[in-house]
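One structure below.
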2 protein chains.
Amino acid sequence: MAETARRTVNRYGNRPTMKDVAARAGVGLKTVSRVVNGEPGVTPDTERRVQEAIEALGFRRNDSARVLRKGRTASIGLVLEDLADPFYGPLSRAVEEVARAHGALLINGSSAEDPEREQELVLALCARRVDGLVVIPAGDDHRYLEPEMRAGVATVFVDRPAGRIDADVVLSDSFGGARDGVAHLIAHGHRRIGFIGDMPRIHTAAERLRGYRTAMEEAGIEVEDGWMSLGVTDPERVRRAAEEMLSAPTPVTAVFAGNNRVTVTVVRVIAERGRPVALVGFDDIELADLLRPGVTVVAQDAAALGRTAAERLFRQLDGGLIVPERIELPTRLITRGSGEIPPAV
Amino acid sequence: MAETARRTVNRYGNRPTMKDVAARAGVGLKTVSRVVNGEPGVTPDTERRVQEAIEALGFRRNDSARVLRKGRTASIGLVLEDLADPFYGPLSRAVEEVARAHGALLINGSSAEDPEREQELVLALCARRVDGLVVIPAGDDHRYLEPEMRAGVATVFVDRPAGRIDADVVLSDSFGGARDGVAHLIAHGHRRIGFIGDMPRIHTAAERLRGYRTAMEEAGIEVEDGWMSLGVTDPERVRRAAEEMLSAPTPVTAVFAGNNRVTVTVVRVIAERGRPVALVGFDDIELADLLRPGVTVVAQDAAALGRTAAERLFRQLDGGLIVPERIELPTRLITRGSGEIPPAV
DNA sequence: TAGAGCCTGGACAACGTTGTCAGATGCGGG
DNA sequence: CCCGCATCTGACAACGTTGTCCAGGCTCTA
């Protein structure tokens, strides 16, 4: 009796297995497998008996075992910086939709912009044998991924390119977008334009800085050191940087903000100071149109980034595509007012 | 020769297994396992040989097989409505952090507010044998989860309670928050107050409506039909609803918005009309403090919801907790201006 | 030096599924 | 009545790992 009880208890609580279903239905193990997977070659009567047994026992196939046998997990991993950042929510959702369309589940992880944590996450995902990876890299050396990619893990980088390996990557045109944004300010008469951005070791930050420099250079403006603030990322430091630029003896008359978080803080600072200062931000932000003035931004399409990357990933998995490619999506300048303010006299 | 080659190729590309490592290091299979898992009982010299073989072959343990053997997957599932919604980003991130602290990975899925899709997702996660589930329910009948929970899948519902089953749930105090918000408007002299919210079949929407009704009743105000708009969710319909309320012969002088998306649209409508209308919204929104007037909101702490739920989940997994509990987190009224506008004469 | 006890290493089964293959069954025709 | 064929079914191995258990070699003590 205790014997019987023990036999039905396994490590997953006491989930029935195909064996249990087979026993109850009075059929062989493989027949249950056939029914569960809708394979042909089962008489309606047998199928009914099996279905009843499944129902009665509450059987649910163990995909872990299935995965082990089949070799494909039907899951992909997404490693991004911070799921709480409004930029990554839509990106993640877009990846998920594509995965869903391919019958795959999405495992999500945040690297918190820490290269070590990125690697740890990626390798954990590889150990799970995800079929593919979409990575928004935090680090700049991804050689640790080479064995995995050789072993068949499809990999696409998004938002920033991979470091020191050759891999697919989907990017926004950070350089072009920043250049356009800064040129927009210049076209409205500004010459002393500040730039506040993230650490230049982050590819997008470096590219946007390059766009800023290029636009300035093209206009024949020499950039002064005090106009640029790099590597500031937390609101408090962004605030200080903005205030310094705006309070200098010859203050900047316009600011280009390198990403959504910077933009938000700069908007705050400007609002507090009362004096109008022109502003163009990289990344669109919600409600930007309702502020007075509306915030002019260089918008990138996060969902499109995610979708494009995921589609590319599944194309890798479906067979083709040996040559890694770099796909660049355009940005869009959205004028709403803040970028069209003329320089203070 | 072909024989040898074939032997090293398995279904995962050609990943080495512990067997391969063992062969190369000239030790037994189990010894490799011991090294990989840091188990005691291996001489330093043997360990070194094994490590070298692992390095040379690029071996990475197959967690699928491990999971099958051990019964725990060290992964939990999170089913929410839409990862792109700024409310769920921080929630998801909070769950992820807790999972990470417990060495677990997070599998994410969006139900798109579709009960069928929710069930499909949940069952897919159960088939993967996730150790636990955090669910923001879309449907109102979760009896399909009973066998899973009996089988030992830890389950916590968030934001809305489970339907027709007894399960842990972590909520914000929607009723109290809405009542406070509406009472705030009443305290500022309003009597004709509109309510725009989601479908009442969604628990939070129903509770917020109840809070609205209660506050009105407590103030002795009889609510007119035209003041309430339920089940509108897409921006276009919210817009129409708001405009109707504000253009009626005896228009409402204040609006209570039932969630973040409604609030945003109502802010737009009010801004376009020029006439000041009082507004209190449920859920905080970014930049709400920078609008003129600032948007007064009833804020809930999405991260706290996620964290609390995840911690509860792992406490379930760690053994204790048989009695399902309902945990309600308080909301916070943040006054910023829009809720303090007096009624138009 | 023999025996006890400890430490290291390896053979083997098991986890729950799927693929292979061969056996059983039923049916029609010669 | 038996043979051949098609259809359905089940036994068995394999996926890559971990848990159990035992063998062999070593040290230490009497």
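The chains referred to below are lettered A, B, ... by the order of the sequence lines, with proteins before strands, and numbering in each begins at 1.
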| query | Closest to the A/Val27 side chain: D/dT17, D/dC15, D/dG10? | reply | D/dG10
| message | Among residues at least two apart in sequence or on other chains, which ones pass side chain to side chain donor-acceptor pair (under 3.5 Å) with A/Gln51? | response | none
For nucleotides 21-27 of chain D, print each protein N/O atom paired with a nucleotide N/O atom at under 3.5 Å, atom names and distance only.
none

| field | Residues which pass side chain to side chain donor-acceptor pair (under 3.5 Å) with A/Arg24, listed by chain and number, not counting sequence neighbours | value | none
| message | Expected output is a numbered-order residue list: members of residues 41-51 of chain A with a heavy atom under 4.0 Å from any atom of DNA chain C. What is it? | response | none
| request: Sequence neighbours left out, what pairs pass ring-ring contact (aromatic ring centres under 6.0 Å, His included) with at least one residue falling in residues 39-66 of chain A? | output: none
| Nearest-Å distance for atom pair CZ/P, residues B/Arg128 and C/dT17 | 14 Å
Check residues 142-149 of chain A and write down every donor-acceptor pair under 3.5 Å in which the side-chain atom is one partner and the other belongs to a residue at least two apart or another chain.
{"from": "A/His142", "atom 1": "ND1", "to": "A/Gly163", "atom 2": "N", "distance (Å)": "2.9"}
{"from": "A/His142", "atom 1": "NE2", "to": "A/Glu118", "atom 2": "OE2", "distance (Å)": "3.0"}
{"from": "A/Arg143", "atom 1": "NE", "to": "A/Asp141", "atom 2": "OD1", "distance (Å)": "3.0"}
{"from": "A/Arg143", "atom 1": "NE", "to": "A/Asp141", "atom 2": "OD2", "distance (Å)": "3.3"}
{"from": "A/Arg143", "atom 1": "NH2", "to": "A/Asp141", "atom 2": "OD2", "distance (Å)": "2.6"}
{"from": "A/Tyr144", "atom 1": "OH", "to": "A/Glu118", "atom 2": "OE2", "distance (Å)": "2.6"}
{"from": "A/Glu148", "atom 1": "OE1", "to": "B/Arg15", "atom 2": "NH1", "distance (Å)": "3.3"}
{"from": "A/Glu148", "atom 1": "OE1", "to": "B/Arg15", "atom 2": "NH2", "distance (Å)": "2.4"}
{"from": "A/Glu148", "atom 1": "OE2", "to": "B/Arg60", "atom 2": "NE", "distance (Å)": "2.7"}
{"from": "A/Glu148", "atom 1": "OE2", "to": "B/Arg60", "atom 2": "NH2", "distance (Å)": "2.2"}

| note | Side-chain atoms of A/Leu68 come closest, of C/dT17, D/dG10, D/dC15, to D/dC15
| query | So what is the end-to-end bend of the helix from C/dT1-D/dA30 to C/dG30-D/dC1, with 5 pairs used at each end and the value given to 10 degrees? | reply | 60°
| field | Counterpart residues, side chain to side chain contact (heavy atoms under 4.5 Å, CB included), relative to B/Arg34 (two or more places apart) | value | B/Lys30, B/Thr31, B/Glu39, B/Val42
| message | For A/Arg160, give me all partners under side chain to side chain donor-acceptor pair (under 3.5 Å), at least two apart in sequence or on another chain. | response | A/Glu113
| message | The side chain of B/Thr31 is closest to which nucleotide in this list: C/dG9, C/dT18, C/dT17? | response | C/dG9
| message | Could you tell me how far apart A/Met18 (CE) and D/dA14 (P) are, to the nearest whole angstrom? | response | 20 Å
| field | C/dT18 phosphate, OP1 or OP2, under 4.0 Å from A/Ser33 side-chain N/O | value | yes
| message | What is the distance, to the nearest angstrom, from the CZ atom on A/Arg69 to the C1' atom on D/dA13? | response | 8 Å
| message | With a 4.0 Å cutoff (strictly under), does any side-chain N or O of A/Arg66 reach OP1 or OP2 of C/dT18? | response | yes
| Does A/Asp131 use its side chain to pair, donor to acceptor, with the backbone of A/Thr73 at less than 3.5 Å? | yes
| task | Give the rounded distance in Å between these two atoms: NZ of B/Lys19 and P of C/dC12. | result | 12 Å
| For A/Glu52, what residues pass the side chain to side chain donor-acceptor pair (under 3.5 Å) criterion, not counting sequence neighbours? | A/Arg48
| note | The side chain to side chain contact (heavy atoms under 4.5 Å, CB included) partners of A/Ala112 (sequence neighbours excluded) come to A/Arg117, B/Arg93
| task | Please confirm whether any donor atom in the side chain of B/Lys30 sits under 3.5 Å from an acceptor in the base of D/dG19, or the reverse. | result | yes
| Rounded to whole angstrom units, what separation is found between the CG atom of A/Asp63 and the C1' atom of C/dT18? | 12 Å
| query | When you check the phosphate oxygens OP1 and OP2 of C/dT18, does a side-chain N or O of A/Asn37 lie under 4.0 Å from one of them? | reply | yes
| message | Taking CG in B/Asp140 as the centre, count heavy atoms belonging to other residues, nucleotides or ligands within less than 6.0 Å. Is the count above 12? | response | no
| request: Any ring-ring contact (aromatic ring centres under 6.0 Å, His included) involving residues 116-138 of chain A? Give me the pairs, sequence neighbours left out, ordered by first then second residue. | output: none
| request: Would you kindly give the CG-to-C1' distance between B/Leu29 and C/dA13, to the nearest whole Å? | output: 12 Å
| How long is the line joining CG of B/Asp20 and P of D/dC15, in whole Å? | 11 Å
| note | Between CD of A/Glu39 and P of D/dG10 the distance, given in whole Å, is 14 Å
| task | Report the residue (B/Ala65 or B/Pro40) whose heavy-atom-nearest nucleotide on DNA chain C is the more 5′ of the two. | result | B/Pro40
| said: Using modelled atom types and a 3.5 Å cut-off, is there a donor and acceptor pairing between side-chain atoms of B/Ser75 and backbone atoms of B/Val130? | reply: no
| query | Any side-chain N or O of A/Lys70 less than 4.0 Å from the OP1 or OP2 oxygen of C/dG19? | reply | yes
